[in-house]
There are 2 protein chains.
Amino acid sequence: MKIKVTIKDVAKRSGVSISTVSRVLNNSKPVSPEIRQRVLEAIRETGYRPNLLARGLVLRKTNIIGIIVPDISNAYYSELVKGTEEISNMYNYSILLCNTYGELKKEMEYLNLLTEKQVDGIIFMTTNLTEEHVRWFKENDVKSVFVNRHIEGMDIPYVSIDNYNAAYDATNYLIELGHEKIAYIGGPLSDEILGMKRFEGYKQALYDAGIDFRQELVRVSKIGIKSGYEAMGDILDVHKDITAVFAANDIMAIGAVNCILDRGYKIPQDISVVGFDDIPFASIIRPALTTIRQPIYDIGAVAARMLIKKLNGEKLDEISVNLPYQLIERDTSAKAKKRRK
Amino acid sequence: MKIKVTIKDVAKRSGVSISTVSRVLNNSKPVSPEIRQRVLEAIRETGYRPNLLARGLVLRKTNIIGIIVPDISNAYYSELVKGTEEISNMYNYSILLCNTYGELKKEMEYLNLLTEKQVDGIIFMTTNLTEEHVRWFKENDVKSVFVNRHIEGMDIPYVSIDNYNAAYDATNYLIELGHEKIAYIGGPLSDEILGMKRFEGYKQALYDAGIDFRQELVRVSKIGIKSGYEAMGDILDVHKDITAVFAANDIMAIGAVNCILDRGYKIPQDISVVGFDDIPFASIIRPALTTIRQPIYDIGAVAARMLIKKLNGEKLDEISVNLPYQLIERDTSAKAKKRRK
DNA sequence: TTGAAAGCGCTAACAC
DNA sequence: GTGTTAGCGCTTTCAA
């Protein structure tokens, strides 16, 4: 076990005071060239590494950003975390990763833990923003940025996409292909985005096109391939004549695709499917999935950038950012066979 | 901006010394019930939260584990990180996430950064273990655990699976199905696992079955769906009569599957495909991929558990652990049409 | 059982 | 330009 070498050792070895060492370390004040040289040499010889913990204690700054996600093994979140990680690293911040399984209890624990660990800021993601969250963020003024969620009336920035309009566009795309019986598969209603926003976009598009909304054509369940599969099955059991389905995310959409295929229907000839997110696998599965592309990596990157600006006391141009989305036409969607009446 | 409340404030408010507060906080020494009560109350009233940074400085313990991965957006690594995160959290450790893109430079930077941040230990993953890594780990005695890689002659524990035998079994499975012309698609040779171990298992299985190894049937490239697709294409251009292919991981296998399908062959009737890893999407794509299942989550969990034992000074039962793997038969593999001679 | 004081490794006034 | 010193918020001797 080597003994840790500290700033004192470097000071002693180079025959200067610790403040001088600190100065060359941080370039915080001028130091004469010869002394700087001596110090640098001593650092090299001793293999000195500054203790960032100690520095953090006096500077009240850890250069650590906490990131709270429901499920890091979910392609959506891992891509997003990658974005935050890269940007953070660029600005000399590290990422403390917290996985919550979407459980409120864990989320609250992590929120508290992160503040105790003195992280400089928090990037927060949850599927279900509750009163308890709101209260916490009101009581604890930790610099934070939200992703995909938003607390009304608080100045916590957030980054997302316009889920309502994106869902509207996706549905409308199917309508323009001539589809009328368009099923909807979504997340639980407790989920503001996957349960509500996208559902509303779907309904509005139907409405604007003069198509009656029919509750029998929608299935809502927890998010997952299997639920997507089952939801599709439930609908197909009763409504064999649907010609299209819009799923609130790719995971559910892929489940739906598998179900449709397993039942012997052809995609897109018999049934068109449109997903949401454009996770990497959307383009890989066959048939490749038509979907709404979210700039997932960018969302993470922008969230990190906004947080860092906040940490630097810079003014944010906008408190909330909606990044552009895009409809990606691939192989699961086609014109409806029967003409629209 | 609220002013941070410190242990001093709590002490003042409850009319005791900071040492007493510290004692009730940590249960480190007996404190009389009345005083304990007073202190607890003061803590509640002030909303005091211990500063873990300061505690870490004196205890020389941050309860943070650094984890270094090539690509967090890769399903394999994100699942693995999930395993470490969960176990770490159970034992009161947090995860500092470092994404390297497999670049040596970034890996070294992170290694240094993590030690400066005083993490208690490091879980290290790389695709290509170099001399520089070895040197670093020799010079810095940071408690670490390796995943899937191993430094010969050092007592750094690692956890993995037996890649050689798993690849052997996968290949042998195809042989037993009657296949003889079995192509191999793998990672770069610089990659100890995806380039070497699995390749050798493949060759040995061929050898043991009396099948001549043919270099023309192997393609090696960087890891990715696209490379898998292209590698498969290259082979198919020349050798239209192969009846099976073993890919060194699922990503490449999925690329290969898509290529085979795009060229109008049927899977598994014309060509069987076996992958490696059993990433979540292996069971989702159609046809579902036959593959070797690695207990990915468990690998991460075990790595974390081992590291934490090390941090506690507990003796490890084994310095290196190979977790069990399993061949999962799904829909991309079937008996060869022509009988083996 | 409690308090005073030293010190973890560092930065930043403040003096010189 | 350089050194001395007072903390940052906490734990832990050491005395009382």
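Residue numbers start from 1 in every chain, and the chains themselves are labelled A, B, ... in the order their sequence lines are given, proteins ahead of strands.
- For D:dG1, neither phosphate oxygen OP1 nor OP2 lies less than 4.0 angstrom from any side-chain nitrogen or oxygen of A:Thr20.
- Put simply, NZ on B:Lys29 is 13 Å from P on D:dA15, counting in whole angstrom units.
- The CG atom of B:Leu59 sits 13 Å away from the C1' atom of D:dG9 (whole-angstrom rounding).
- Place B:Val31 and A:Ser28 on DNA chain C by their nearest nucleotides, and B:Val31 ends up nearer the 5' end.
- Within the structure, a side-chain polar atom (N or O) of A:Arg60 is placed less than 4.0 Å from OP1 or OP2 of D:dG9.
- Dense packing is recorded around OH of A:Tyr297, with more than 12 heavy atoms of other residues, nucleotides or ligands lying under 6.0 Å away.
- Proximity of B:Ser22 to the phosphate of D:dT11: a side-chain N or O atom is located under 4.0 Å from OP1 or OP2.
- Screening residues 66-95 of chain B for salt bridge (Lys or Arg N to Asp or Glu O under 4.0 Å) gives A:Asp71-B:Lys82, A:Lys82-B:Asp71 as the qualifying pairs, with residues at least two apart or on separate chains.
- Taking only side-chain nitrogens and oxygens, B:Lys8 comes nearer than 4.0 Å to OP1 or OP2 of D:dC8.
- Distance B:Leu57 CG to D:dC10 P: 12 Å, rounded to the nearest Å.
- Contacts between residues 38-52 of chain A and DNA chain D, defined by a heavy-atom separation below 4.0 Å, involve no residue at all.
- Side-chain nitrogen and oxygen atoms of A:Ser17 include none within less than 4.0 Å of the OP1 or OP2 phosphate oxygen of D:dT4.
- The interatomic distance linking B:Lys61 (NZ) with D:dG9 (P) rounds to 23 Å, in whole Å.
- Here the side chains of B:Asp120 and B:Tyr93 are in contact, with some heavy-atom distance below 4.5 Å.
- When rounded to the nearest whole Å, the span between CD1 of B:Ile18 and P of C:dA4 equals 9 Å.
- Distance, B:Asp9 CG to D:dC8 C1': 14 Å, rounded to whole Å.
- The phosphate of C:dT11 (OP1 or OP2) has a side-chain N or O of A:Arg55 nearer than 4.0 angstrom.
- In this structure, B:Ser32 and B:Arg36 have side chains that are not in contact, with every pair of non-hydrogen atoms separated by 4.5 Å or more.
- Among the nucleotides D:dG9, C:dC10, D:dT11, the one closest to the side chain of B:Thr6 is D:dG9.
- C:dG9 atom P lies 15 Å from atom CG of A:Leu25, rounded to whole Å.
- With B:Arg38 contributing its side chain and B:Ser14 its backbone, the two residues share a donor-acceptor pair below 3.5 Å.
- Taking atom CZ of residue A:Arg23 and atom P of nucleotide D:dT4, one finds them 11 Å apart after rounding to whole Å.
- Using a 4.0 Å cut-off, no side-chain N or O of A:Ser19 falls inside it from OP1 or OP2 of D:dG3.
- A donor-acceptor contact shorter than 3.5 Å links the side chain of A:Asn74 to the backbone of A:Tyr76.
- By the neighbour-count criterion of 12 heavy atoms within 6.0 Å, atom NZ of A:Lys8 is sparsely surrounded, having that number or fewer from other residues, nucleotides or ligands.
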